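Please read the structure below before turning to the comments.
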Number of protein chains: 2
Amino acid sequence: MIPGASRRLAATRATLLPEHKPEGTRGVILEVSLKLFAERGYAGASIREIAEAVGMKSASLYAHYPSKEHILAELCRIGHEEHRRSIQRALLECGADPRDQVVAYVHAHVAMHAQFPMLAVVANGELHALSSELGAATFELRNQSIQMLEDIVRRGIERGVFQIPHVWLGVAAIGAMGMRVAYWYTPEFELSSQRVADVYAEFALRLLGASAPVHSEAPADRSAAQSGPAQG
Amino acid sequence: MIPGASRRLAATRATLLPEHKPEGTRGVILEVSLKLFAERGYAGASIREIAEAVGMKSASLYAHYPSKEHILAELCRIGHEEHRRSIQRALLECGADPRDQVVAYVHAHVAMHAQFPMLAVVANGELHALSSELGAATFELRNQSIQMLEDIVRRGIERGVFQIPHVWLGVAAIGAMGMRVAYWYTPEFELSSQRVADVYAEFALRLLGASAPVHSEAPADRSAAQSGPAQG
DNA sequence: GTCAACCTACCGATCGATCGGTTGTTTTCT
DNA sequence: AGAAAACAACCGATCGATCGGTAGGTTGAC
């Protein structure tokens with residue numbers, strides 16, 4: 001089992017990509033809020049705790065953000081934007097084969113949840129705390145990301161490379177297993193985030209009943225470990 | 001997509017099995033707390049809201065439970081006990097084939113998350129809010145349930161019926177996809193909870209690279225596909 | 001048969017603490 | 001000098017929890 005089981009998630013450090021982190025104090029507030037929201041939940045973290053962790057008084061926060069909710073809204077937006085961006089980029093770099101696209105999607109999906117676990121936990125798990133006004137844009141991003149996977153799967157079925165009892169359930173299951181990674185992954189895990197993403201991409205292909213690719217030069221070493229190839 | 005996306009979970013009714021629901025007022029308090037904890041989180045639900053939903057003043061709650069945390073502790077315990085009990089029972093009713101055992105486990109796992117979504121969401125997602133003293137027993141239950149699946153998978157690998165790159169990741173992925181069901185399933189979903197559980201059991205077999213069973217009378221229609229029933 | 005004792009269930013009032021947020025002032029940096 | 005940043009002080013509201021007390025029913029000794 002994963003140690004420290006009484007914590008909400010295993011990660012201990014809040015990371016924000018430089019391109020998403022505002023300059024100066026705003027960035028510090030955002031990163032500190034991310035950590036506290038991830039560890040205690042939005043309702044469980046107070047602005048005084050945030051301020052103290054930043055090194056200032058709670059009143060000073062309001063010179064940088066108009067409300068606690070606006071901080072959460074920005075974190076949710078950043079999380080889902082990064083999620084969509086990394087998936088979009090991965091899809092652009094792979095070919096037209098639905099199998100490659102699923103691998104690209106799931107790899108990006110899982111890697112993001114492993115590399116930015118706190119951002120993923122907050123952006124997904126605290127989104128409901130936002131008013132519809134502040135959360136609308138983020139919901140739209142989220143739906144787009146889900147739709148992308150569904151489109152890939154449906155196209156794969158039409159081409160006969162996927163066999164699955166229920167498309168929506170498959171998409172939900174693949175999304176779910178990746179999302180959960182954010183709760184247990186730490187850099188101390190025996191596998192790198194990239195290797196975890198590789199394995200999960202293989203899981204997704206299996207789950208979709210993917211047929212063996214015909215185009216690959218090498219005889220498809222998809223089943224990596226353990227030994228034998230699984231699932232034809 | 002699932003409607004009502006701004007809610008934390010799709011379910012709207014809190015259900016507690018009669019054998020878990022205390023008699024009288026204690027039972028009402030527990031069920032009402034379950035609903036509010038599921039919808040707003042433990043920190044986001046106040047004892048005054050709970051009391052008002054029950055139909056009494058907050059002071060009266062303390063005649064039935066010593067603290068807010070004790071209410072959560074009981075809900076977490078009930079949730080994980082029911083989870084373990086339903087899995088245990090399913091395993092007793094299936095044979096010795098690891099494939100059957102995985103099907104039994106995942107079916108029970110998913111069915112419980114679909115039938116008692118609020119209980120699952122609270123027992124899993126708010127467990128971290130408990131002090132180590134009040135949460136210890138529940139953590140133990142949780143670890144036992146996970147261990148049971150890991151044992152099944154390892155035994156299946158030893159017998160050569162499963163092929164999987166990484167046992168722990170497989171167990172984590174299977175657990176994750178089931179847990180997520182609690183967030184989107186409602187009785188209005190196009191499939192019954194039993195059918196959803198069937199499909200997820202098939203997903204798990206695929207994910208584990210299960211070889212076709214030799215004992216089955218019918219020629220293993222596991223790959224069902226596209227529409228037909230999953231899981232043979 | 002009655003009345004004091006006891007019990008369960010609940011309530012109004014209130015506790016100290018903390019909540020998110022506002023105001024006006026001071027400090028800091030350029 | 002002037003703008004940005006942080007401050008102390010404070011707001012009304014709400015937090016979880018405690019208190020003494022009350023209404024209504026049951027019990028049992030006399």
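Predicted model, so just to flag it, every value in this text is computed and none were measured.
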Spacing between B:R40 atom CZ and D:dT14 atom C1', to the nearest angstrom: 14 Å
Donor-acceptor contact below 3.5 Å, side chain A:R8 vs main chain A:A38: yes
Parallel, tilted or perpendicular: rings of A:W168 and B:W184 (30°, 60°): perpendicular
d(CG, B:L72; P, D:dG16) in whole Å: 13 Å
Salt bridge present between A:R48 and A:E52 (N-O < 4.0 angstrom): no
Under-4.0 Å salt bridge between A:E190 and A:R195: no
The helix from C:dG1-D:dC30 to C:dT30-D:dA1: angle between end helix axes, five pairs per end, rounded to 10 degrees: 20°
Least distance between heavy atoms, B:A123 atom then B:L75 atom: CB-O, 4.3 Å
Heavy-atom closest contact (B:S58 atom, B:I47 atom, distance): CB-CD1, 4.0 Å
B:H113 and B:H83 aromatic ring geometry - parallel, tilted or perpendicular at 30°/60° bounds: perpendicular
Donor-acceptor under 3.5 Å (A:Y42 side chain, A:E69 main chain): yes
Sugar-phosphate only, base, or nothing, as touched by B:A45 at under 4.0 Å among non-hydrogen atoms: sugar-phosphate
Separation of atom CD in B:E69 from atom P in D:dA17, rounded to whole Å: 8 Å
Atom-pair distance (CD on A:E52; P on C:dT18), nearest Å: 11 Å
A:L61 CG to C:dG20 P, straight-line distance once rounded to whole Å: 10 Å
Rounded interatomic separation in angstrom, taking CD from A:E49 and P from C:dC19: 6 Å
Presence of salt bridge, B:R154 and B:D151, under 4.0 angstrom: no
Distance in angstrom units between A:Y65 OH and D:dA5 P, rounded: 12 Å
Close N or O pairs between protein and nucleotides 20-26 of chain D (under 3.5 Å):
none

Verdict with supporting geometry, B:E31 and B:K21, salt bridge (Lys or Arg N to Asp or Glu O under 4.0 Å): CA-CA 8 Å; B:E31 225 164 44; B:K21 186 176 175 180; 3.0 Å; yes
Touch class at under 4.0 angstrom, heavy-atom based, for A:A43 against every strand present: nothing
Side-chain N or O of A:S46 closer than 4.0 Å to phosphate OP1/OP2 of C:dT18: no
Interface polar pairs with nucleotides 6-12 of chain D, N/O, under 3.5 angstrom:
residue	atom	partner	partner atom	Å
D:dA6	OP2	A:H64	NE2	2.8
D:dC7	OP2	A:K57	N	2.8
D:dC7	OP2	A:S60	OG	3.3

Ion pair B:E82/B:R85, N-O distance below 4.0 Å: yes
Length of the line joining B:Y62:OH and C:dT14:P, which is rounded to integer Å: 19 Å
